There are 2 protein chains.
Amino acid sequence: MGEQLRRRPTLADVARMAGVDTSLVSRVLRNDPRGFASAETRERIRAAAQEVGYRANAAARGLRSARTMTLGLLLPGFSSPVYASIAHGVEERAGQHGYGLVLGTHAAGDPHETITDMLMHGRVDGLLVASGRIEDRALRRLVGQVPQSVVLVNRQVRGVAASVVLRDADASAVAVAHLAELGHRRICGIFGPGGLDTMVRRRLGFLAECREQGVEPAVVEMAERDQRAGFDGVGRALARDPRPTAVVAGTFPMAVGALAGLHDAGIAVPRQMSVVALHNDGLADYLVPRLTAVAMPTERLGAEAVELALALVNGGEPRRVVVPDPPRLVRRESTAPLISND
Amino acid sequence: MGEQLRRRPTLADVARMAGVDTSLVSRVLRNDPRGFASAETRERIRAAAQEVGYRANAAARGLRSARTMTLGLLLPGFSSPVYASIAHGVEERAGQHGYGLVLGTHAAGDPHETITDMLMHGRVDGLLVASGRIEDRALRRLVGQVPQSVVLVNRQVRGVAASVVLRDADASAVAVAHLAELGHRRICGIFGPGGLDTMVRRRLGFLAECREQGVEPAVVEMAERDQRAGFDGVGRALARDPRPTAVVAGTFPMAVGALAGLHDAGIAVPRQMSVVALHNDGLADYLVPRLTAVAMPTERLGAEAVELALALVNGGEPRRVVVPDPPRLVRRESTAPLISND
DNA sequence: GTGAAAGCGCTAACAT
DNA sequence: ATGTTAGCGCTTTCAC
């Protein structure tokens, strides 16, 4: 019959119940190698803990050990499928290491505030920044204060040594190569703002592969990278002379918007215009037509970011990581061989 | 010239620098009403804190005050637009109250583990459960252990007293009324699993409004509520005899799937079949055709859940809240007047 | 194999 | 208006 406690049970409660000292309870419950209690005592302690429903208080533990076992993840918002996927990868891998996740977005407030609060108050052991929107300067300033624990996700910034990115240039190349193989010779790339380094890499990869393939490239640069930007961007692509016969959209939402824009313009996809998205998403199979896309390992991106962050937390050196998995073409219905040359 | 500290500055550092006691620093920095320091001292303390870059240690503060200033949010995953929107509402409102957000999903692991960990270890002051997938029993068990701090979001469970839901039945009614006004007399509702209480309410509202409007209802119940379920579900709807002339999809992704399914079946929307989605999303404007949808106040749902949780944390009584904002029809291109009776 | 004691950084009750 | 004191619950030497 355990005494009924009104308050949260503490180590002391368990210790009293098992007739041992708190320190021993602590060691046993954490499987501390230095806590080699006799099998019998161990059992008694475990039973007592079980009985009162003991749960270590995270604050006390964190205060004492200076480890929160929590990682922070800073996102631009919850909406984009790419960020959802990254977040999923982060959460899963963090969980495998026994780490929890504190989430912050900066859709509304001042990004630098959020960042500062999480790291500076010691709420998290490390911070993953997966937002393209925070200014480089703010980032450098932050990292100047706590260099050991900030990892950039899907982004590189001069002066920040720890980052994980994907093979963006190769993704563009895969898209272009696919279209070239289908016979397209005038391809338009619709990209987001040139200030975002993913976009820079994708555009460079696009241009390089066009040259490689003997394809005439056109580039449209938009101020955003959402559906509307794709919708508007494809209008600009159609105005080009000579008109391209295929489009590479810099993001998945842009491709969705491009599809809508082409439909509104009365251009049939893929008969009159082929469309490829950079990044894949479950939605692709439910669009009309089903969207050909270049799949990128976004979950793994999140997972690798966690690994790097934990390495830093444990005193490792900052590194620039490129997730090695190659981008992979998922062929669906929005691309087809070039038919007429006009 | 401030001494350069290697370690994180603490209250004691600031106190020493300002030539006062730590307790005074604590009070001044928190604007504690009982800490009426002289303007001059206050300034000195603020300056010192600024100089060394003092940030209160969250663990120590949490340990002492038994408040973490953090809320937990349990989601089924990051993908669904509805959950993204709820999460956004939660984060924003929590932030307004100075609360941070710990995120947990249970896409992969055992949901009850995640829940337990967050609440039981005192990492969060309250927990918002926005997952339809966790079994009622597990939920009741959890709430039995920590009744004061668990709020169900978009869900009601017998035995759990604190919850916030939307006017689901009214959303269905809005959709049906719209279709009835367009002349439709045979409407099919495609819903997710009957075990989810949102789905129950939407189906009931659907049937009630059909009766009200003198419309012949058909109901298709799917095991999921994603795009695929909508795709497959619309196939089942088409097989009904007499064939319905309009479809109400129980979720937004289901409507997306339904659109795709109808296209594959060669049924023109809205000429041959009207489609309405329950819940709205930015994607609606970029589908072909643009999707008519019933907008529901999901961000506010999240915000209200935060309010309720904080009320509980502060000793308030659990309540069942229904967000009062009425569902609102957003008319786009996927619905049209009934043309032929066959 | 187990216990005693100190202290992480902060807040709050009680002085003065 | 400011300082003293105690202690939140845990981990960690160091002793025995």
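The structure presented is a predicted model; accordingly, all values stated were derived computationally and were not measured. Residue numbers begin at 1 in each chain, while the letters A, B, ... track the order of the sequences.
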**OP:** Establish, with yes or no, whether the OP1 or OP2 oxygen of dT11(D) is under 4.0 angstrom from a side-chain nitrogen or oxygen of R61(A).
**Re:** yes
Original post:
Mapping T22(B) and V20(A) onto DNA chain C by nearest heavy atom, which one lands closer to the 5' end?
Top reply: V20(A)
Original post:
For dA1(D), does either OP1 or OP2 sit under 4.0 Å from a side-chain N or O belonging to T41(B)?
Top reply: no
Subject >> Atom pair distance, as rounded to whole Å: CG in N31(A) and P in dT12(D) >> reply: 14 Å
**OP:** Determine, step by step, whether L139(B) and R155(B) satisfy the side chain to side chain contact (heavy atoms under 4.5 Å, CB included) criterion, reporting the C-alpha distance in whole Å, the side-chain angles of both residues, the deciding distance to 0.1 Å, and the verdict.
**Re:** CA-CA 11 Å; L139(B) 238 28; R155(B) 180 164 183 201; 3.4 Å; yes
Original post:
Ignoring hydrogens and angles, are the base of dG3(C) and the side chain of R27(A) linked by a donor-acceptor pair under 3.5 Å?
Top reply: yes
Subject >> Side chains of S26(B) and S23(B), donor plus acceptor under 3.5 Å >> reply: no
Original post:
dG3(C) P sits how many Å from R16(A) CZ, rounded?
Top reply: 14 Å
**OP:** For L63(B) and dG7(D), give me the distance from atom CG to atom C1', rounded to whole Å.
**Re:** 9 Å
**OP:** Check the pair E91(A) / L103(B) against side chain to side chain contact (heavy atoms under 4.5 Å, CB included), numbers first and verdict last.
**Re:** CA-CA 9 Å; E91(A) 207 220 3; L103(B) 209 76; 5.9 Å; no
Subject >> Rounded interatomic separation in angstrom, taking CD from E43(B) and P from dT2(D) >> reply: 13 Å
Original post:
Is the distance from OP1 or OP2 of dA12(C) to the nearest side-chain N or O of R30(B) less than 4.0 Å?
Top reply: yes
Original post:
Expressed in angstrom and rounded to an integer, what is the separation of R123(A) atom CZ from dG9(C) atom C1'?
Top reply: 15 Å
Original post:
Does a side-chain N or O from S23(B) land closer than 4.0 Å to OP1 or OP2 of dT11(C), or not?
Top reply: no
Original post:
Of all the choices, dT11(C), dT4(D), dG3(C), which nucleotide is nearest to the side chain of R64(B) once you look at every atom?
Top reply: dT11(C)
Original post:
Can a donor-acceptor pair under 3.5 Å be found between the side-chain atoms of R42(A) and the base atoms of dG1(C)?
Top reply: no
Subject >> Rounded distance in Å - NE2 (H121(B)) to C1' (dT11(D)) >> reply: 16 Å
Subject >> Per L24(A) side chain, nearest of listed nucleotides dG3(C), dT11(C), dC10(D) >> reply: dG3(C)
**OP:** State whether D13(B) and R8(B) are salt-bridged, where the test is any N-O pair (Lys NZ or Arg NE/NH1/NH2 against Asp/Glu carboxylate O) under 4.0 Å.
**Re:** no
**OP:** Examine the side chains of T70(A) and R123(B) and answer whether a donor and an acceptor come within less than 3.5 Å of each other.
**Re:** yes
**OP:** Output the distance between atom CG (L310(B)) and atom CG (L71(B)), rounded to the nearest 0.5 Å.
**Re:** 5.5 Å
Original post:
Nearest-Å distance, CZ (R7(B)) to C1' (dC8(C))?
Top reply: 12 Å
**OP:** Select one nucleotide: of dT11(C), dC10(D), dG3(D), the one nearest the side-chain heavy atoms of L11(B).
**Re:** dT11(C)
**OP:** For N57(A), report the nucleic acid contact type (base, sugar-phosphate, nothing); a contact means any heavy atom under 4.0 Å.
**Re:** sugar-phosphate
**OP:** Would you kindly give the CG-to-C1' distance between D21(B) and dA6(D), to the nearest whole Å?
**Re:** 13 Å
**OP:** Mind checking A56(A) for me? I need base, sugar-phosphate or nothing, with any heavy atom below 4.0 Å counting as a touch.
**Re:** sugar-phosphate
Subject >> dT2(C) OP1/OP2 closer than 4.0 Å to side-chain N/O of S38(A) >> reply: yes
Original post:
Which residue, E40(B) or A60(A), contacts DNA chain D at a nucleotide closer to its 5' end, judged by nearest heavy atom?
Top reply: E40(B)
